[in-house]
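When a ligand or atom number is given, it counts from 1 through the structure's own listing order.
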Amino acid sequence: MIIAIDGPAGSGKSSVAKTVALRMGFHYLDTGAMYRAVAVAAMRRGIDLSDGVALRDFSKSRRIRFAYEKGEVLPSRVFFGDEEMTDFIRTPEVDRAVSPVSGCPELRGDMLEKQRMLGAVGNYVVEGRDIGTVVFPNAALKVFLTACVEERARRRTLQNERRGIDSDYESILQALKDRDNFDMNRDVAPLAVAEDALELDTTDMSEEEVVDYIVKLAQRVRDEVCGADGGAGDDNTAGLPEIGDECA
Ligand code: DC
């Protein structure tokens, strides 16, 4: 069973998706981290970030792998091939570089393939921009999180401060507006609400309220639709269009 959590940057997807995964006992897949890992590795090698074919060929040559810190229940480490990217993917520089990278149709084809392989079997909370629309269109539950851009900028500023990253509200606000604009208007798999997704405006909700709401829904869906085991043995890719169809 897949729970798809999509939404714009700073909507609280990551924290919510992780807590929902923990409470449901599901695996967790952060697809944004995958785009970020490719962006960092490509920047290190001086690959032209607007060259979709070069990015795809480079990405295709490596596996992207998530790993657990000792004692962790959810994976927090990300590897591109043998290179650990964990500490490098969330800088303001990568925030800026990753939008055009993720807008390359050729690269998205490879990401789609990798994401479907990673989430193919078992119970997953998958977070991103196009999970409910493209990657897992038959997800059992689709949630689209939103919040007004000022609130998202406030949350991101606090998050950066907690991580010890220099941050200033006004530039974060502008960067979020730029990324929203880019993510919503790109040609391939733009940020959009799936027809059958629940849209949740979290501007005035606490993280706990959002998580509680999703967990209740997910429990109902699991019990009613998939049976008590959540369809854990199911192949989540059954019935999906052939990989490449959306990205040709
Ligand atoms: O969620 P995030 O900020 O870590 O995502 C990083 C970038 O990747 C962002 O520009 C949106 C893009 N992305 C995407 O296009 N599709 C996804 N499924 C996940 C992220």
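Between Gln115 and ligand 1, no pair of N/O atoms sits closer than 3.5 Å. Considering backbone and side-chain N/O atoms, Arg36 comes within less than 3.5 Å of an N/O atom of ligand 1. The distance criterion of under 3.5 Å between nitrogen or oxygen atoms is met by Thr31 with respect to ligand 1.
When each of Val101, Thr31, Asp95 is checked for a side-chain contact (heavy atoms from CB on, under 4.5 Å) with Arg36, only Asp95 meets the rule.
When hydrogens are left out, the protein atom nearest atom 1 (O) of ligand 1 is Arg129 NH1, 2.9 Å; that is the closest non-hydrogen contact. Looking at atom 5 (O) of ligand 1, its nearest protein heavy atom turns out to be Gly32 CA, 3.5 Å. Arg179 NH2, 2.6 Å is the protein heavy atom nearest to atom 3 (O) of ligand 1. Closest protein heavy atom to atom 18 (N) of ligand 1: Asp130 OD1, 2.8 Å.
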Side chain to side chain contact (heavy atoms under 4.5 Å, CB included) between Arg155 and Leu158, worked out:
CA-CA 5 Å; Arg155 291 177 189 170; Leu158 281 174; 5.8 Å; no
Run the side chain to side chain contact (heavy atoms under 4.5 Å, CB included) check on Arg129 and Val134 step by step: do they pass?
CA-CA 9 Å; Arg129 301 290 189 290; Val134 175; over 6 Å; no
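With hydrogens and angles disregarded, a donor-acceptor distance shorter than 3.5 Å links the side chain of Asn123 to the backbone of Met1.
With no hydrogens or angles considered, a side-chain donor-acceptor pair links Arg156 and Gln159 at under 3.5 Å. Inspection of the Asp178 and Gln174 side chains reveals an N or O donor paired with an N or O acceptor under 3.5 Å. For the residue pair Ser206/Glu208, the side-chain donor-acceptor check at 3.5 Å is not satisfied.
The closest approach between a heavy atom of Ser99 and any atom of ligand 1 is below 4.0 Å. Remark: distances from the non-hydrogen atoms of Arg90 to ligand 1 include one below 4.0 Å.
Of the listed options Lys13, Arg108, Met111, Arg108 places a heavy atom closest to atom 16 (N) of ligand 1.
Within the 4.0 Å heavy-atom criterion, neither part of Val101 lies near ligand 1. In Arg96, neither the side chain nor the backbone holds a heavy atom less than 4.0 Å from any atom of ligand 1. Under 4.0 Å from ligand 1, not a single heavy atom of Arg156 appears.
Here is the list of ligand 1 atoms found below 4.0 Å of a heavy atom in Val98: 6 (C), 7 (C), 10 (O). Listed by number with element, the atoms of ligand 1 under 4.0 Å from a non-hydrogen atom of Ser102 are 8 (O), 10 (O), 12 (C), 15 (O).
Contact annotation: the side chain of Val135 never approaches that of Val126 to less than 4.5 Å [non-hydrogen atoms, C-beta and beyond].
Taking a cutoff of 4.0 Å between a charged side-chain nitrogen and a carboxylate oxygen, Asp212 and Arg23 qualify as a salt bridge.
Annotation: cation-pi geometry satisfied between Arg44 and Phe88 (NZ/CZ under 6.0 angstrom from ring centroid, within 45° of ring axis).
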